[in-house]
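Reminder, nothing fancy here: chain letters follow the sequence lines and each chain counts from 1.
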Amino acid sequence: MTTKSTHEKILMGNEAIGLGLVENGCTVITSYPGTPASEIISSVARFKNEHDLKLHVEWSVNEKSAYEVALSNSYMGCRSAVAMKQVGLNVASDPLMSSAYTGIIGGFVLVSADDPGPHSSQTEQDSRLMAMLAKIPVFDPSSPQEAYQMVKTAVTLSEKNGIPVMIRPTTRICHARQNVKTGTIQKLKRKATFSKDPQRWAATPKYRFKLHGELNKKLAQISATKNLQPERVNKRKKAPKHCILSSGVAYSYVYDMMKDAELLDQAALYKVPMPFPLSQDFLQDLCNSYEHILVIEETYPVIEMQLPDRTNVQGKINGFIPPEGELTPDVIYPALNTFLERKTGKIPKAKPGGQRPSLCAGCPHRASYYCIKKALPKAVYPGDIGCYTLGVNLGAVDTCLCMGASINQAAGFYHSFKTSGSEAKTVVATIGDSTFIHSGITALINAKYNDARFILMILDNSTTAMTGNQPTALTGVMADGSPGNSVDLHGILKGCGMQFVKTVDPFDIEKMIATLKEAEKFTRASDGGIAVIIAKRPCLMISEKKKVYSVSVSEACTGCNYCITNFECPALITVKDRAAIDQLSCSGCGVCVHVCPIKAIEIER
Amino acid sequence: MTKKKIDSQIVICGRGGQGVLFLTRLIDEVAVHQGNNVISSETHGMAMRGGSVASYIRIGDYASPLIRTGQADIILALTDSELQFNNHLLKKDTGTVFVNSPNKKNNAVNATRISKDLGSVVVANLVLLGYACKDDTFPFDFSTVKTVLKKISPPRFLDSNIEALTAGYQI
């Protein structure tokens, strides 16, 4: 973040949200890392340190913990926020649904960042639909500037009505940069007080019914608030027949396109700042006033579904707008033209393709996966969520469902083999250290309790790498850089009843392969069980960048491509039909030396 | 600060780890330094692990961060092979491409080799930018870019960054 003048800064959408939270007096702000939401907390931590603010910022171990910690500060009358990606909200959905009923006292903002595309997620789900399910208001910012302003609106609305409020940015808002006009930091001198009210905070089903009624009243009041309802941005005297309703970044695309093509007098353009709850009176009036209505929104038809009469409505429900994928300007442009009865000229097609992502040169995960494939080529490999999902490129990740699923799926595969009586293959689950802490521990307890047998490899690289190297509970550093407490992985595994636990450096290929074979025996022994291997080596991004070895390919190389196909290191390239080392990207880990079947990759001494 | 009203849409493409993000931020800052509004878009997350990445920068009166097909004024390609996936974005008649490539073609510069000679391959992005500053179609001049680069470079990279930008400009 750099300053242009005192009150204008170039901010990424996530930084703008982080600044908004700090400026509006939030004192407990929590999150679990996840693209595209990760930078919200890191910017809050930075503002905290820069301005010496008294606030608690934390990387929680998962989204449910994050939600409940921040919520409790709002129970005590102070302002709070929790940030996560859309699939993180699935993990936090239990407290979300319940807290809508209990409500809050201090303003409580939930930021749930969606990923239409998807670019870096397992689903394109729409958090606005989660807000609707929970019955809480949701704001849909159309730019970083607006995201920043909406934080203030959300905190205020939340506090005034005693209800959690969601802000739903998408990837293109989170990771857009814009010069943003900013304000000043509010230091609210609030004393945290817990007012005992068991019929609210500890409500039994009988009182839950009452709370539900109160929630419905709050929603009715909010949907009747005029300045939160859609606003026509191109106010003209002439009433056109066409109307466009749009929210989020899609609105900004539509606005830019209509302005560029001088179409702003062809249709009434409504911007929807709060897609839920919408006023039914307003929507009915809209349906009565226009002959044609087009709804453009990401990713599910949330605004569209609320329209009382869809006879003349074009959108995602009837397929006029593609119901899946990101709504880029190239997707919207032809639809907008068709709706306004204009022709779209010939548009050159983008060439499909591009380089797929892969594990970094020198990444310890590549060595771990190579060993798994080498030692146990016939095994089934349930995988998990992180950089190491890229092990799929190496054929060592067979499944990727959601955070922590590798361990439960390993147990499920084991029980399935055993019950059906088919040949029981060995199952090797891989999970990162941060993901294991997030939701792997309960899965391991479940597997042990129910007598499953498999190998669990914890890929411990001492960081949350994929999302930008955030610290974990195992490293013990807190979000603002101050020392916390590190939890003991071996102690956890012991507590879960694990009898086979070995820590191996994945760069020690021979030892890792031998340990995997030993682990397989343990899973099949009469007195055996789950075998845990901790593949321990820090991520390259957080370790000292020093080349250990200088590696080269000798004349003996036959150009068989084995190393390039099976090891897929970005530093292994083909030059004149033979393998070569790209010295610029080679990290000098020396692992590929073990990979070449004819030992043509050598370490230069 | 010299004010200069600019209307320009710029694509920067390359691979994760090539410094696409730094170049995006630098151009954002230069645009604002000259009194313009800017909105840009970046790639984060999984794609950054060596995959194809592209940034879009829109300078002027724009509300949204992406560039539609056929609307880009400039493409800066840090990897020649990435250009094919972004070429459709370029304005048909007036768009200009600057590309880091060992091959001899229009507006191509071997920024990787030059940066290697300077001792750090990671500054190839700035070599290419310096090279683009020579061209009349590029909206920013070398001295302004240099001033802003000085402002935003971390101290330990300042000298090598300026050296790379200058090397590109002096080709």
(message) Between Gln145(A) and chain B, with a heavy-atom cut-off of 4.5 Å, which part of the residue counts as in contact: side chain, backbone, both or neither?
(response) neither
(request) Would you mind checking which part of Arg172(A) comes under 4.5 Å of any heavy atom in chain B, side chain (CB onward), backbone (N, CA, C, O), both or neither? (result) both
(message) For chain B, which candidate among Pro352(A), Pro570(A), Ala350(A), Ala361(A) shows the most heavy-atom pairs at distances under 4.5 Å?
(response) Ala350(A)
(request) With a 4.5 angstrom heavy-atom cut-off, could you sort out which part of Ser585(A) is near chain B: side chain, backbone, both or neither? (result) neither
(message) Taking side chain as everything from C-beta outward and backbone as N, CA, C, O, which of these in Pro144(A) sits under 4.5 Å from a heavy atom of chain B? Side chain, backbone, both or neither.
(response) side chain
(request) Select one option (side chain, backbone, both, neither) describing which atoms of Lys92(B) are under 4.5 Å from chain A's heavy atoms. (result) neither
(message) Heavy-atom pairs under 4.5 Å with chain A - which of Glu82(B), Gln84(B), His88(B), Lys116(B) has more of them than the others?
(response) His88(B)
(request) Could you grab the distance from atom CZ of Arg177(A) to atom CD of Glu29(B), nearest 0.5 Å is fine? (result) 8.0 Å
(message) Measuring from atom CE of Met12(A) to atom OG of Ser41(B), what distance do you get when rounded to the nearest 0.5 angstrom?
(response) 10.5 Å
(message) With rounding to the nearest 0.5 angstrom, report the CD1 to CZ distance, Ile347(A) to Arg68(B).
(response) 7.0 Å
(request) Using non-hydrogen atoms and a 4.5 Å limit, figure out which bit of Asp260(A) sits close to chain B: side chain, backbone, both or neither. (result) side chain
(request) Could you tell me the separation between the CD atom of Gln71(B) and the CG atom of Asp330(A), rounded to the nearest 0.5 Å? (result) 9.0 Å
(request) Please check if the side chain of Lys259(A) supplies one atom and the backbone of Asp61(B) the other of a donor-acceptor pair under 3.5 Å. (result) yes
(message) Under 4.5 Å from any heavy atom of chain A, what part of Val38(B) do you find: side chain, backbone, both or neither?
(response) both
(message) Other residues, nucleotides and ligands only: do more than 12 of their heavy atoms fall within 6.0 Å of OH on Tyr255(A)?
(response) no
(request) Please state whether the side chain, the backbone, both or neither of Glu42(B) comes within less than 4.5 Å of a heavy atom of chain A. (result) both
(request) Could you tell me which of Ile39(B), Thr24(B), Leu66(B) has the largest number of non-hydrogen atom pairs under 4.5 Å with chain A? (result) Leu66(B)
(message) With a 6.0 Å cut-off (strictly less than), is the heavy-atom count around NZ of Lys146(B), excluding the residue itself, greater than 12?
(response) no
(message) So that I can tick it off, tell me whether Asp256(A) and Arg58(B) are bridged by a salt bridge, with the cut-off set at under 4.0 angstrom between side-chain N and carboxylate O.
(response) yes
(request) Any chance you could measure Gln178(A), atom CD, to Asp28(B), atom CG, to the nearest 0.5 Å? (result) 10.5 Å
(message) What part of Tyr253(A) gets within 4.5 angstrom of chain B, counting heavy atoms only: side chain, backbone, both, or neither?
(response) both
(message) When you compare the side chain of Glu8(A) with that of Val32(B), does any pair of heavy atoms fall below 4.5 Å?
(response) no
(message) I need the residue from Ser64(B), Gly70(B), Ser55(B) with the largest number of non-hydrogen atom pairs under 4.5 Å to chain A.
(response) Ser64(B)
(request) Mark yes when over 12 heavy atoms from residues, nucleotides or ligands other than Lys104(B) sit less than 6.0 Å from its NZ; otherwise mark no. (result) no
(request) Mind checking the OG1-NE2 spacing from Thr43(B) to His119(A)? Nearest 0.5 Å is all I need. (result) 8.0 Å
(message) Tell me the closest heavy-atom pair linking Phe85(B) and Gly353(A), and the distance in Å.
(response) CE2-C, 3.6 Å
